[in-house]
Asks: 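Shown below is the structure under consideration.
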Amino acid sequence: MTDDQRPPRAVRVRFAPSPSGDLHVGNVRTALYDWAYARRTGGTFVFRLEDTDRSRVQLEYIDSAIDTLYWLGLDWDEGADVGGPYGPYLQSERMGIYAEWTERFLAEGTAYYCYCTQEEVAQRRKAARAAGGPSGYDGHCRTLTEAQVAAYRAEGRQPVVRMRVPEGQTTFTDLIRGEVTFDHAHVPDFVLSRADGSPLYTLAVAIDDVLMKITHIVRGEDLLSSTPRQITVYRAMGVPEAEFPVFAHLPMVLGPDGQRLSKRNGVVSVNWYRDEGFLPETICNYLALLGWSPGGDRESFTLAEMATEFDLSRVNKNSAQFDVRKLEAMNGDKIRALEPADFAARITPFLARAGLVAEPPTAGQASLIAAAAPLIQSRISRLSQAPGLLAFLFVPEQDFAVNPEDAARVLVPEAREALQAAETALKDLATWESGAIEQTVRDALVDGLGLKPRVAFTPVRVAVTGQRVAPPLFESIDLLGRERTLARLARALGALPG
RNA sequence: GGCCCCGUCGUCUAGCGGCCUAGGACACCGCCCUCUCAAGGCGGCGACGGCGGUUCAAAUCCGCUCGGGGCUACCA
């Protein structure tokens with residue numbers, strides 16, 4: 001425990017996404033760290049929703065986010081869906097609070113009305129930038145006379161409210177970056193609420209963090225430069241310096257191309273990975289590694305371990321690129337490490353979705369899944385790959401079809417001999433069990449016909465499983481049963497060209 | 001442009017002044033195993049951005065430089 005010089009007050013951490021889309025891998029990485037930090041310190045984890053921008057927020061994303069987080073194994077002590085002593089936790093339900101504070105700032109002169117249009121601001125910004133200086137708002141409306149205000153009003157202009165950022169500088173100690181200083185020459189008077197009166201992020205986030213007694217703000221580095229703005233709001237609110245939340249800015253998660261995460265450079269929605277059959281434990285483990293490691297060579301760990309070991313002092317400062325290949329490799333590892341029964345249970349929904357078994361499966365299907373699962377556990381790296389490998393076992397016999405490409409390549413006249421020998425050998429096999437099946441087929445095709453194993457078994461595999469890439473042949477035949485196996489061999493023989 | 005942050009193999013990382021001729025993982029390339037595909041085993045390729053300085057000693061500390069990222073919205 002070398003990081004946070006344990007503050008005197010109990011730790012309160014929040015995760016506060018904006019529900020304007022599915023949670024992406026960057027969001028989830030932040031949520032993970034927030035959660036782990038709260039748990040490690042024995043603190044409280046708060047889940048808040050920043051839904052002040054009505055033009056971007058969509059309600060369905062709120063449920064989606066909650067759903068995704070629970071699926072990953074995260075939980076919170078206070079939040080939109082569970083309530084808590086500092087609610088509501090949906091910013092859209094706190095509009096009155098923001099309005100009250102805004103009024104107070106206005107009355108006390110820490111904020112002022114700004115009548116500039118967006119076009120005017122943009123134009124002056126452009127000019128300032130061309131001149132080589134800071135390009136934020138220039139303070140045009142800071143000191144308007146009553147006559148000027150009256151003139152703007154007469155024009156019908158609707159003002160926004162801006163914070164009056166005093167001269168000077170803001171310095172704070174970031175738990176990850178160390179001491180960071182911003183000169184206020186580069187912290188322009190920022191907008192607190194829009195012309196329609198609705199609050200902006202910078203206002204709402206600061207007020208809520210104070211009101212919700214957040215002690216540690218652990219969030220993405222993209223918010224680092226907005227920190228002085230938040231601190232300005234704390235000051236305007238009259239919060240004593242000693243009670244300011246402590247900041248910790250996490251390194252960014254970048255796309256595979258080193259660019260900012262976006263749909264263009266790969267899939268970023270965590271829900272997509274869930275649907276593809278990535279295990280929640282894989283996602284947590286992999287994402288945790290994007291910026292943190294427990295130290296040494298260990299890179300496989302559980303959420304529970306993270307909850308006892310996570311330490312902000314071990315968080316990297318540099319950004320990390322998201323690499324799907326490593327994620328998938330790790331998923332394969334986690335899949336292989338699953339208890340067989342657990343693995344069977346995890347692939348079942350995927351088999352059901354593919355229409356191979358009922359939802360829930362019948363007793364017969366369930367036992368077949370249990371028997372077949374071990375055949376593919378080391379062969380897939382995503383649960384979504386299970387149906388493809390097991391379809392031959394579950395498909396109704398009349399629907400069974402050999403993959404055309406594999407048939408054309410393997411089920412050729414030269415294969416007749418092997419297929420017939422296999423059919424004959426299996427017809428009278430006394431004990432239907434994979435070991436005996438292998439012995440019999442091997443004797444007939446390899447020893448009997450002098451074929452190489454590879455040459456001998458491939459046509460049989462294609463005839464029986466419908467494809468060249470399949471689970472181990474003899475175990476597959478065992479599970480398929482004598483009747484269906486012989487039927488498929490006969491069908492393949494009948495379909496042979498020439 | 002201005003401000004802020006960052007800089008170890010292609011990627012994720014270990015390293016927190018000597019244990020480093022820099023370790024692990026993914027990817028890639030060989031070989032082994034093998035009924036396909038995997039898994040597994042063995043081996044290989046491969047990095048401290050550059051330049052100065054501090055020190056007996058620097059990947060580790062400092063400066064500069066170059067490079068990358070973020071912010072610069074009536075988005076968050």
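Order of the sequence lines sets the chain letters (A, B, ...), proteins ahead of strands, with each chain counted from 1. Side-chain atoms are counted along with the backbone in the values below, which use heavy atoms only and exclude waters and symmetry mates.
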Asks: Heavy atoms from C-beta onward define the side chain here; which of B:G69, B:G10, B:C74 lies closest to that of A:A195?
Replies: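 Ranking B:G69, B:G10, B:C74 by closest atom to the A:A195 side chain puts B:C74 first.
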
Asks: So what does A:P472 touch, heavy atoms closer than 4.0 Å: a base, only the sugar-phosphate, or nothing?
Replies: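 The residue A:P472 makes base contact.
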
Asks: Under 4.0 Å from OP1 or OP2 of B:U36: is there any side-chain N or O of A:R454 that close?
Replies: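 Yes, A:R454 has a side-chain N/O under 4.0 Å of OP1/OP2 on B:U36.
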
Asks: For A:N271 and A:S64, which I'm curious about, is there any donor-acceptor pair between the side chains at under 3.5 Å?
Replies: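 Distance-only check passes for A:N271 and A:S64.
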
Asks: Scan every strand shown for a Watson-Crick or G-U wobble partner of B:C64, both distances under 3.5 Å, and answer none if you come up empty.
Replies: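 Pairing partner: B:G50.
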
Asks: With RNA chain B as reference, determine whether A:Q158 or A:D333 sits nearer its 5' end, using the nearest nucleotide of each.
Replies: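 Comparing both residues, the 5'-ward one is A:D333.
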
Asks: Rounded to whole Å, how long is the line connecting atom OH of A:Y115 with atom P of B:C74?
Replies: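 It works out to 17 Å between those atoms.
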
Asks: Nearest to the side chain of A:D53, heavy atoms from C-beta on, is which of B:U36, B:C75, B:C74?
Replies: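 Side chain of A:D53 sits closest to B:C75.
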
Asks: Looking only at side-chain N and O atoms, does A:R314 come under 4.0 Å of OP1 or OP2 in B:U13?
Replies: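 False: A:R314 side-chain N/O out of range (4.0 Å or more) of B:U13 OP1/OP2.
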
Asks: Over all strands shown, is A:A470 touching base, sugar-phosphate only, or nothing at heavy-atom distances under 4.0 angstrom?
Replies: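 Here A:A470 touches the bases of the nucleic acid.
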
Asks: Whole Å only: how far is the CD atom of A:Q385 from the C1' atom of B:A39?
Replies: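 Rounded to whole Å, this separation is 13 Å.
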
Asks: Report the distance from atom CG of A:D222 to atom C1' of B:A76, rounded to the nearest whole Å.
Replies: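 My rounded result for the distance is 8 Å.
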
Asks: With side chain to side chain contact (heavy atoms under 4.5 Å, CB included) as the test, pick out the partner of A:R14 among A:D34, A:D208, A:I217.
Replies: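 Passing option: A:I217.
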
Asks: At 4.0 Å (heavy atoms only), tell me whether A:N316 reaches a base, stays on the sugar-phosphate, or touches nothing.
Replies: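 Sugar-phosphate contact only - A:N316 comes under 4.0 Å of backbone atoms but never of a base.
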
Asks: Return the value, rounded to whole Å, for the distance between atom CZ of A:F182 and atom C1' of B:G2.
Replies: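 For the pair A:F182 CZ and B:G2 C1', the rounded distance is 13 Å.
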
Asks: Distance criterion of 3.5 Å, no angle test: do you see the side chain of A:S135 paired donor-to-acceptor with the base of B:G1?
Replies: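 For A:S135, whose side chain was compared with the base of B:G1, there is a donor-acceptor pair (under 3.5 Å).
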
Asks: So if I apply the side chain to side chain contact (heavy atoms under 4.5 Å, CB included) rule between A:V410 and each of A:T458, A:V402, A:V460, which one comes out positive?
Replies: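 Result: among A:T458, A:V402, A:V460, A:T458 is the only option passing the side chain to side chain contact (heavy atoms under 4.5 Å, CB included) with A:V410.
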
Asks: Rounding to a whole Å, what distance do you find between A:R124:CZ and B:A73:P?
Replies: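 The answer, rounded to whole Å, is 12 Å.
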
Asks: With heavy atoms under 4.0 Å as the rule, sort A:L224 into base, sugar-phosphate or nothing.
Replies: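 Sugar-phosphate, no base atom in range.
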
Asks: Do any side-chain nitrogens or oxygens of A:N27 fall under 4.0 Å of OP1 or OP2 in B:A76?
Replies: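 Checking A:N27 against B:A76: no side-chain N or O falls below 4.0 Å of OP1 or OP2.
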
Asks: Just to be sure I understand the rule, does A:G220 reach a base, reach only the sugar-phosphate, or reach nothing, if contact means heavy atoms closer than 4.0 Å?
Replies: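 No contact at all - A:G220 keeps every heavy atom at 4.0 Å or more from the nucleic acid.
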
Asks: B:U72 base to A:R229 side chain: any donor-acceptor pair below 3.5 Å?
Replies: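 When only heavy-atom distances are counted, A:R229 does not reach the base of B:U72 through any donor-acceptor pair under 3.5 Å.
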
Asks: Name the closest nucleotide to the A:E221 side chain, picking from B:C12, B:C5, B:C6.
Replies: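 Nearest listed nucleotide: B:C5.
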
Asks: Determine the contact category for A:G132: base if any of its heavy atoms lies under 4.0 Å from a base atom, sugar-phosphate if only primed atoms, P, OP1 or OP2 are that close, otherwise nothing.
Replies: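 The answer is sugar-phosphate, as A:G132 gets under 4.0 Å only of primed atoms, P, OP1 or OP2.
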
Asks: For A:F310 and A:W292, take the angle between the two ring planes, folded into 0 to 90°, and tell me which bin it lands in: parallel under 30, tilted 30 to 60, perpendicular over 60.
Replies: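 The arrangement is tilted - the two ring planes meet at 30° to 60°.
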
Asks: When rounded to the nearest Å, what value does the distance between P atoms of B:U13 and B:A73 take?
Replies: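 Per the computed distance, 31 Å lies between those P atoms.
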
Asks: Taking the side chain of A:R177 as its heavy atoms from C-beta onward, which of B:C75, B:C35, B:C6 lies nearest to it?
Replies: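 It is B:C6.
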
Asks: For B:C71, which nucleotide is its Watson-Crick or G-U wobble mate, given both distances must be under 3.5 Å?
Replies: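 Answer to the pairing question: B:G2, which forms a Watson-Crick or G-U pair with B:C71.
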
Asks: Where the side chain of A:M252 is defined as all heavy atoms beyond and including C-beta, which of B:C5, B:C26, B:G70 is the nearest nucleotide?
Replies: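 So the side chain of A:M252 is nearest to B:G70.
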
Asks: Between A:D443 and A:Q439, do the side chains contain an N or O donor and an N or O acceptor separated by less than 3.5 Å?
Replies: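 Yes, a side-chain donor-acceptor pair sits under 3.5 Å.
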
Asks: Does a side-chain N or O from A:N318 land closer than 4.0 Å to OP1 or OP2 of B:U8, or not?
Replies: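 For A:N318, the contact criterion (side-chain N or O under 4.0 Å from OP1 or OP2 of B:U8) is met.
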
Asks: Between B:A47 and B:U21, how far is it from one C1' atom to the other, in whole Å?
Replies: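 Looking at atom C1' only, B:A47 and B:U21 are 15 Å apart.
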
Asks: Give the rounded distance in Å between these two atoms: CE of A:M330 and P of B:G24.
Replies: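 Spelled out: CE on A:M330 to P on B:G24 is 17 Å.
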
Asks: If you compare every side-chain N and O of A:R129 against the phosphate oxygens of B:U72 (OP1, OP2), does one of them come in below 4.0 Å?
Replies: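 No, no such contact exists.
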
Asks: What is the nucleic acid contact for A:T181, judged by heavy atoms within less than 4.0 Å: base, sugar-phosphate only, or nothing?
Replies: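 Sugar-phosphate: the residue A:T181, judged by heavy atoms under 4.0 Å, touches backbone atoms but no base.
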
Asks: Please classify the nucleic acid contact of A:E299 as base, sugar-phosphate, or nothing, using heavy-atom distances under 4.0 Å.
Replies: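 The residue A:E299 makes base contact.
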
Asks: How about A:Y137 and A:F190: are their ring centres within less than 6.0 Å of each other?
Replies: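 When the ring centroids of A:Y137 and A:F190 are compared, they turn out to be at least 6.0 Å apart.
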
Asks: For A:F474, answer base if it contacts any base atom (sugar-phosphate contacts may also be present), sugar-phosphate if it contacts only those atoms, and nothing otherwise; contact means non-hydrogen atoms under 4.0 Å.
Replies: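 Result for A:F474 = base.
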
Asks: Is the distance from OP1 or OP2 of B:A14 to the nearest side-chain N or O of A:S293 less than 4.0 Å?
Replies: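 Answer is yes, contact under 4.0 Å.
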
Asks: Mind checking if A:R468 touches a base, just sugar-phosphate, or nothing, with heavy atoms under 4.0 Å?
Replies: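 The answer is base, as A:R468 lies within the cut-off (heavy atoms under 4.0 Å) of a base atom.
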
Asks: For A:E438 and for A:D297, locate the closest nucleotide of RNA chain B by heavy-atom distance; then report the residue assigned to the nucleotide nearer the 5' terminus.
Replies: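 Per heavy-atom nearest nucleotide, the more 5' residue is A:D297.
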
Asks: Could you please name the partner base of B:C9, counting Watson-Crick and G-U wobble pairs only when both distances are under 3.5 Å?
Replies: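 Base-paired to nothing in any strand shown.
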
Asks: Paired with B:U34: which nucleotide, if any, by Watson-Crick or G-U wobble criteria at under 3.5 Å for both distances?
Replies: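 The answer is none; no pair meets the criterion.
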
Asks: Could you go through A:S381 and A:E328, starting from their C-alpha distance and side-chain angles, then the distance that decides it, and tell me whether this counts as side-chain hydrogen bond (donor to acceptor under 3.5 Å, both in side chains)?
Replies: CA-CA 6 Å; A:S381 51; A:E328 182 151 354; 2.6 Å; yes

Asks: For a quick test of reading the model: is some side-chain N or O of A:R336 closer than 4.0 Å to OP1 or OP2 of B:G40?
Replies: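 Yes, because at least one side-chain N or O of A:R336 sits under 4.0 Å from OP1 or OP2 of B:G40.
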
Asks: With a 3.5 Å cut-off and heavy atoms only, can you find an N or O donor on one side and an acceptor on the other between the side chain of A:R379 and the base of B:C37?
Replies: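 Looking at the base of B:C37, it does pair with a donor or acceptor on the side chain of A:R379 (distance under 3.5 Å).
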
Asks: Find the distance A:L289:CG to B:G24:C1' and express it as a whole number of Å.
Replies: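 Spelled out: CG on A:L289 to C1' on B:G24 is 11 Å.
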
Asks: If only side-chain N and O atoms count, and only distance matters, is there a donor-acceptor pair under 3.5 Å linking A:H249 with A:T227?
Replies: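 Their side chains do contain a donor-acceptor pair, which is all the 3.5 Å distance test asks for.
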
Asks: For A:L223, answer base if it contacts any base atom (sugar-phosphate contacts may also be present), sugar-phosphate if it contacts only those atoms, and nothing otherwise; contact means non-hydrogen atoms under 4.0 Å.
Replies: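 Since a base atom lies under 4.0 Å of A:L223, the category is base.
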
Asks: Now, which nucleotide makes the Watson-Crick or G-U wobble pair with B:G18, with each of the two distances under 3.5 Å?
Replies: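 With both distances under 3.5 Å, B:G18 matches B:C56.
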
Asks: So does A:R260 get a side-chain nitrogen or oxygen closer than 4.0 Å to the phosphate oxygens (OP1/OP2) of B:C71?
Replies: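 Answer is yes, contact under 4.0 Å.
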
Asks: Does the ring centre of A:F322 sit less than 6.0 Å away from the ring centre of A:Y273?
Replies: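 When the ring centroids of A:Y273 and A:F322 are compared, they turn out to be within the sub-6.0 Å range.
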
Asks: What is the nucleic acid contact for A:Q321, judged by heavy atoms within less than 4.0 Å: base, sugar-phosphate only, or nothing?
Replies: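 Sugar-phosphate contact only.
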
Asks: How is A:T52 classified with respect to the nucleic acid when contacts are heavy atoms under 4.0 Å: base, sugar-phosphate, or nothing?
Replies: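 Counting heavy atoms under 4.0 Å across all strands, the contact made by A:T52 is with sugar-phosphate only.
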
Asks: For nucleotides B:C35 and B:G43, find the distance between their P atoms and express it as a whole number of Å.
Replies: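 Comparing P positions in B:C35 and B:G43 gives a spacing of 25 Å.
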
Asks: Just call it for A:V180: base, sugar-phosphate, or nothing, with non-hydrogen atoms closer than 4.0 Å on any strand.
Replies: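 Result for A:V180 = sugar-phosphate.
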
Asks: In whole angstroms, how far is the P atom of B:A76 from the CD atom of A:Q58?
Replies: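 Whole-Å distance recorded here is 15 Å.
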
Asks: Please determine whether a side-chain nitrogen or oxygen atom of A:Q259 lies at a distance below 4.0 Å from atom OP1 or OP2 of B:G69.
Replies: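 The answer is yes; a side-chain N or O of A:Q259 sits under 4.0 Å from OP1 or OP2.
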
Asks: Are the aromatic rings of A:F474 and A:F457 close, with centres under 6.0 Å apart?
Replies: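 Yes, close enough.
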
